[in-house]
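This report refers to the structure that appears directly beneath it.
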Amino acid sequence: MSATLFDKSRPGRPGYRLPAGAPPAAPRLDAAKRRRGPVGLPALSELDVMRHFVALSKLNHSIVSGFYPLGSCTMKYNPVLNEELARLPGFAASHPDQCAQTVQGNLELMWRLEEALKAITGFAAATLQPAAGAQGEFVGMRIARRWHEDHGAARREVLIPDSAHGTNPASVVMAGLGVRTVPSDARGLVDLAALAAAVGPDTAAVMLTNPNTLGLFETDILRIAELVHGAGALLYMDGANMNALVGRVRPAELGFDVMHLNLHKTFATPHGGGGPGSGPVAVTAALADYLPGLRVRRDGERFTASRAPRSIGDVHGRHGNFAMLVRALAYILRYGGDGLADISAGAVLNANYLQARLRDLVEVPHDGLCMHEFVASGRPLKKHGVRTLDVAKRLLDFGIHAPTVYFPLIVPEALMIEPTETETKESLDRFVDAMAQIVREAETDPELLRTAPHTTPVGRLDEARAAKELRVVQPPAEG
Ligand SMILES: *Cc1c(COP(=O)(O)O)cnc(C)c1O
């Protein structure tokens with residue numbers, strides 16, 4: 001970090017002067033484009049403005065307004081304390097270009113977070129730069145690609161199970177590699193024989209989600225790691241599902257070489273609405289030199305930041321989404337190792353409780369002990385002409401956000417349910433009661449479900465069109 005905040009030779013710094021003879025910084029606006037009168041802002045009282053925005057906020061559903069069992073995406077409770085800490089002026093008002101001496105505390109925070117993530121995952125090093133899980137996957141694939149190039153072979157193929165999250169194949173393709181899909185077996189786990197047949201001299205990496213998106217732990221993982229390494233490939237873990245493992249299982253010890261974490265799913269930083277997120281990538285010592293971004297190092301009492309020698313390059317500005325890092329470390333320190341292990345246990349307990357209570361209401365195709373989530377199927381309701389989408393829409397009338405639906409693709413009419421560990425038994429029971437009522441309605445009044453929701457600010461939308469022709473402002477009334 002050579003540039004200082006007060007370096008007067010750099011544009012934008014205090015005291016910066018244009019060099020003599022330089023063209024003016026911005027061309028003057030021509031007269032026709034200049035404003036001639038007042039802007040015409042509406043004159044409103046503070047109270048009216050407040051009411052307007054509070055009313056708008058009430059149109060939205062969030063984790064603070066009701067249960068939010070969104071499988072795979074983990075709508076975690078975000079402690080208010082985290083928000084206060086992220087807003088401390090020393091964090092919030094610092095500039096990413098500030099010289100290292102003036103931001104020692106911020107660097108120490110990142111160093112401590114990296115140490116914590118290393119302890120949690122068992123890996124040797126981590127980058128905090130990626131802004132999302134998908135960006136972490138991309139980083140992992142670029143590292144795998146570069147690592148093989150450095151070791152004499154330009155391997156080009158990545159194997160991914162058919163239960164994987166859609167970002168997995170997308171990240172592989174963005175990294176310039178090819179995807180080959182591996183089927184799941186009747187248990188819902190990776191088909192070991194199919195994997196053994198597919199892995200070969202062109203396999204750069206195998207990308208696994210563990211527990212997988214059915215909420216099932218890949219029990220053959222040690223054998224899989226042996227197979228993958230035997231073929232000279234790397235084993236990548238999509239760690240977006242760490243909520244069942246934190247404090248209990250270190251992925252490095254399962255044989256993985258590289259993984260990403262989703263701080264916005266596992267370590268209580270807010271998400272939804274497009275970000276900002278944070279998807280740190282952790283690696284074995286052999287891959288540490290390839291990590292992207294600025295790596296913070298401790299040198300006695302001093303902290304410095306520099307790039308790794310074989311770095312794949314930057315994937316985000318400077319240190320990534322720093323305020324997310326503040327929240328994640330606050331969460332980790334507040335609970336500590338044993339507390340985090342308790343959280344994982346709570347996540348698994350809540351999911352198994354719901355699975356046990358919903359088993360007879362809807363179908364659970366891959367039944368048995370689940371991890372932090374499970375996948376049910378709305379298939380039994382089809383005989384009433386009701387689909388999973390209708391169940392999801394009807395849940396909104398009960399003040400409950402819909403679970404993830406139609407994913408993973410290998411379960412027809414999928415309802416992917418993840419009750420966060422902070423939910424009480426009472427709120428889980430209310431969800432079961434709502435599901436029981438919906439199943440009764442499917443038998444007695446299926447039209448009620450097909451036209452749901454009935455109590456939300458907007459009714460059933462053509463979702464594809466609503467996404468493509470987004471209109472967030474009410475058109476003015478006609479006439
Ligand atoms: C959410 C998720 C991702 C992608 O993470 P983003 O931060 O949304 O990019 C990848 N894999 C799984 C299993 C996920 O649940």
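Whatever order the structure lists them in is the order used to number ligands and atoms, beginning at 1.
With rounding to the nearest 0.5 angstrom, the NE2 atom of H401 is 6.0 Å from the NE2 atom of H61.
The closest approach between H271 and ligand 1 stays at or above 4.0 Å for every heavy atom of the residue.
Using a 4.0 Å cut-off to heavy atoms of A134, the atoms of ligand 1 that qualify are 4 (C), 5 (O), 6 (P), 9 (O). Which parts of ligand 1 touch A132 is read off a 4.0 Å heavy-atom cut-off, strictly below it: atoms 7 (O), 9 (O). Here is the list of ligand 1 atoms found below 4.0 Å of a heavy atom in E137: 10 (C), 11 (N). Below 4.0 Å from some heavy atom of N262 lie the following atoms of ligand 1, by number and element: 1 (C), 5 (O), 6 (P), 7 (O).
When only interatomic distances are considered, the shortest N/O to N/O separation between D238 and ligand 1 falls below 3.5 Å. Remark: ligand 1 and G133 share an N or O pair separated by less than 3.5 Å (distance only, no angle test). Checking only distances, H264 does come within under 3.5 Å of ligand 1, N or O to N or O. Among the atoms of A240, none of the N or O lies under 3.5 angstrom from an N or O of ligand 1. Considering backbone and side-chain atoms together, T213 places no N or O closer than 3.5 Å to any N or O of ligand 1. Considering both main-chain and side-chain atoms, S72 comes within under 3.5 Å of ligand 1 through a nitrogen or oxygen pair.
Between atom 4 (C) of ligand 1 and the options N241, T167, T74, L261, the minimum heavy-atom separation is to T167.
Remark: R295 engages E114 in a salt bridge, criterion side-chain N to carboxylate O under 4.0 Å. Salt bridge annotation for D220-R223: absent, with no cationic side-chain nitrogen under 4.0 angstrom from a carboxylate oxygen. Using a 4.0 Å cut-off between charged nitrogen and carboxylate oxygen, D429 and K425 count as a salt-bridge pair.
No part of Q135 comes within 4.0 Å of ligand 1, judged by heavy-atom distances.
For atom 1 (C) of ligand 1, the closest heavy atom belonging to the protein is K265 NZ, 1.3 Å.
Residues E373 and S72 bring no donor and acceptor atom of their side chains to less than 3.5 Å of each other. Using a 3.5 Å distance cut-off with no hydrogens or angles, the side chains of N241 and K265 do not pair a donor with an acceptor.
With Q355 as reference, V364 is the one residue of I417, L369, V364 to meet the side chain to side chain contact (heavy atoms under 4.5 Å, CB included) rule. Each of D257, L245, L208 was compared with M237 under the side chain to side chain contact (heavy atoms under 4.5 Å, CB included) criterion, and only L245 meets it.
Taking a 6.0 Å sphere around CZ of R250, one finds it holds 12 or fewer heavy atoms contributed by other residues, nucleotides or ligands.
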